[in-house]
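Ligands are counted one by one from 1 in listed order, and the atoms in each one are counted from 1 as well. Heavy-atom basis, side chains included; hydrogens, waters and symmetry copies ignored.
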Amino acid sequence: MHTIVACSTPPGQSGIAIVRLSGSTVKKIIQKISQKNVPPAKTPTLVSLYDNKKVFDQAIITYYKKGHSYTGEDLIEISCHGNPVIINKIIDLSLQAGAKIAEAGEFTKRSFLNGKISIDQAESVSSLIHAKSDLGVRLSANNLHGKLGRSLRKIKNELIKIIAALEFNLDISEEDLMPQFIPDLIDFIVELEKQIKQSIEYFETTKILTQGASVVIVGPPNAGKSTLFNKLSKSNKAIVTNIPGTTRDVLENHINLSGISLVIKDTAGIRKTTNRVELEGLARAKKEIKNSDITICLGSKEENKKLKKSKTIFVFNKIDKNKPIGNYDLNISALKGTNMKDLTSLISEKLINSNQQQPEVIITSKRQKNHLETALKLIKNAHKNLINSLGLEVVASDLYLVLKNLDSITTITEKDEILNSVFSQFCVGK
Ligand SMILES: Nc1nc2c(ncn2[C@@H]2O[C@H](COP(=O)(O)OP(=O)(O)OP(=O)(O)O)[C@@H](O)[C@H]2O)c(=O)[nH]1
Ligand SMILES: [Mg+2]
């Protein structure tokens with residue numbers, strides 16, 4: 001494989017930037033740029049960097065030997081000064097010496113291909129980089145250290161034992177089966193079904209923790225949506241007037257709520273209108289309701305029956321001057337700041353169902369979720385076939401396929417499309 005080069009730190013100016021090279025010719029390339037022999041492995045060393053015999057920077061280079069590096073190949077990290085001119089010069093000189101620009105995620109892809117990490121650990125690197133909350137970082141870090149692989153291993157070991165027992169009993173007539181065999185098998189399948197279902201449900205929570213969530217404020221004109229938007233995001237971005245129909249476009253602000261990254265959106269007031277501009281604002285508001293994780297509705301449950309109850313918080317605003325008529329989850333005054341803490345607690349409770357138990361197996365990617373969903377369908381099938389006495393061969397073949405799907409979450413799969421879809425989500429230099 002050719003040697004690759006990329007800057008691993010974000011673009012722009014910074015105190016220090018790190019350029020990474022990986023492949024069999026890294027030593028030769030760095031010798032050329034530093035005009036010195038490469039220092040011993042894992043020994044950060046200060047060197048001068050040369051272009052055309054002229055020094056253009058002083059940098060620390062660290063060499064990692066093949067087999068002991070992130071990628072599993074010879075790897076060198078150059079910590080240079082974070083000026084794009086310097087970074088580009090190092091990359092250009094490396095390209096002139098035969099390296100190629102790394103594709104997005106290529107360093108991690110090589111680590112996976114060289115057996116340094118499994119596919120689920122590679123996915124954890126991506127979710128760790130993108131995690132938007134403390135818990136999201138912790139969950140991704142756990143999986144990076146192999147927690148997902150270990151918890152799946154436990155389930156797979158049980159599954160293998162059951163399949164082996166099934167195989168053994170295939171040749172035994174039904175009358176000669178141990179009396180507890182079928183009831184025990186059903187218990188096992190029910191427990192497996194429960195565990196996998198929990199993991200799939202928990203995925204939505206981890207998605208919010210790693211990718212952040214969106215909250216949209218809707219309601220009739222003049223209800224105080226923009227006032228609430230400004231209050232929650234501690235800004236003055238939205239125009240507030242007592243003229244109904246003030247907000248037309250969807251406005252967005254980013255906030256951090258108890259460690260969860262949220263994008264909060266203000267929308268146009270919902271009412272019957274023929275005004276073309278207002279109609280467009282209304283259409284946009286409806287689209288936002290569909291795409292958001294939580295809707296804050298400044299209206300009663302009775303007036304907004306079309307909104308999904310599980311995703312909506314019904315709020316009565318202007319409690320400082322009016323009394324609510326109808327059913328609401330909470331009374332607030334956005335203007336005076338009354339009960340705002342209760343509102344933010346309700347938002348985080350709704351986002352992370354606090355009654356939800358953390359499952360044994362925590363997945364962090366859509367690909368892993370797809371495999372678990374297929375496994376769940378197969379387990380349900382096995383359950384049905386067992387109850388309908390369709391024969392142990394059929395149940396065994398369903399369980400084999402469950403195992404295959406669990407395997408695909410953690411072990412090497414050769415399919416290029418899967419690999420590319422996993423690694424294309426990385427940034428260049430990782
Ligand atoms: N007394 C009182 N007035 C409020 C409260 N919240 C908002 N208002 C007032 O209600 C009026 C409308 O507020 P906005 O925040 O612009 O309402 P909106 O829902 O965004 O209105 P549109 O953008 O037109 O749909 C303004 O005069 C606000 O000062 C509140 O809690 N109490
Ligand atoms: Mg408004």
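- Look at Thr227 and the Mg ion (ligand 2): no N/O/S atom of the residue is under 2.8 Å from the metal.
- Salt-bridge formation is not detected for the pair Glu106/Lys109: no Lys NZ or Arg NE/NH1/NH2 atom is positioned less than 4.0 Å from an Asp or Glu carboxylate oxygen.
- A pairwise comparison of heavy atoms in Phe107 and Ala102 identifies CE1-CB, 3.6 Å as the closest pair.
- Of all the heavy atoms of Ile243, the ones lying under 4.0 Å from any atom of ligand 1 belong exclusively to the backbone.
- Distance from atom 16 (O) of ligand 1 to its nearest protein heavy atom, with residue and atom name: Thr241 O, 3.4 Å.
- Between the OG1 atom of Thr247 and the OG atom of Ser226, the angle taken at the Mg ion (ligand 2) works out to 90° after rounding to 10°.
- Glu123 and Arg367 are joined by a salt bridge, as a carboxylate oxygen and a charged side-chain nitrogen come within less than 4.0 angstrom of each other.
- The heavy-atom pair separating Ser94 from Ile33 by the smallest distance is OG-CD1, 3.9 Å.
- Taking backbone and side-chain atoms together, Thr267 has no N/O/S atom less than 2.8 Å away from the Mg ion (ligand 2).
- Ligand 1 lies out of reach of Thr267, whose nearest heavy atom is not under 4.0 Å from it.
- Here the protein heavy atom with the shortest distance to atom 30 (C) of ligand 1 is Leu335 CB, 3.3 Å.
- Residue Gly245 holds the heavy atom nearest to atom 24 (O) of ligand 1 of all those in Gly269, Gly245, Pro221, Gly337.
- Using a cutoff of 4.0 Å between basic side-chain nitrogens and carboxylate oxygens, Glu373 and Lys377 are not scored as salt-bridged.
- Neither the backbone nor the side chain of Leu228 has any atom closer than 4.0 Å to an atom of ligand 1 (non-hydrogen atoms only).
- With distances taken over non-hydrogen atoms, the option nearest atom 9 (C) of ligand 1 out of Lys321, Lys318, Lys336 is Lys318.
- The minimum heavy-atom distance between Ala141 and Leu128, with the atom names listed, is N-CD1, 3.9 Å.
- Looking at Arg110, Arg20, Lys65, Lys66 one by one, the single match for salt bridge (Lys or Arg N to Asp or Glu O under 4.0 Å) with Glu73 turns out to be Arg110.
- The pair Lys156-Asp407 meets the salt-bridge criterion, with a side-chain N (NZ, NE, NH1 or NH2) lying under 4.0 Å from an Asp/Glu carboxylate O.
- The protein atom (non-hydrogen) at minimum distance from atom 21 (O) of ligand 1 is Asn222 N, 3.0 Å.
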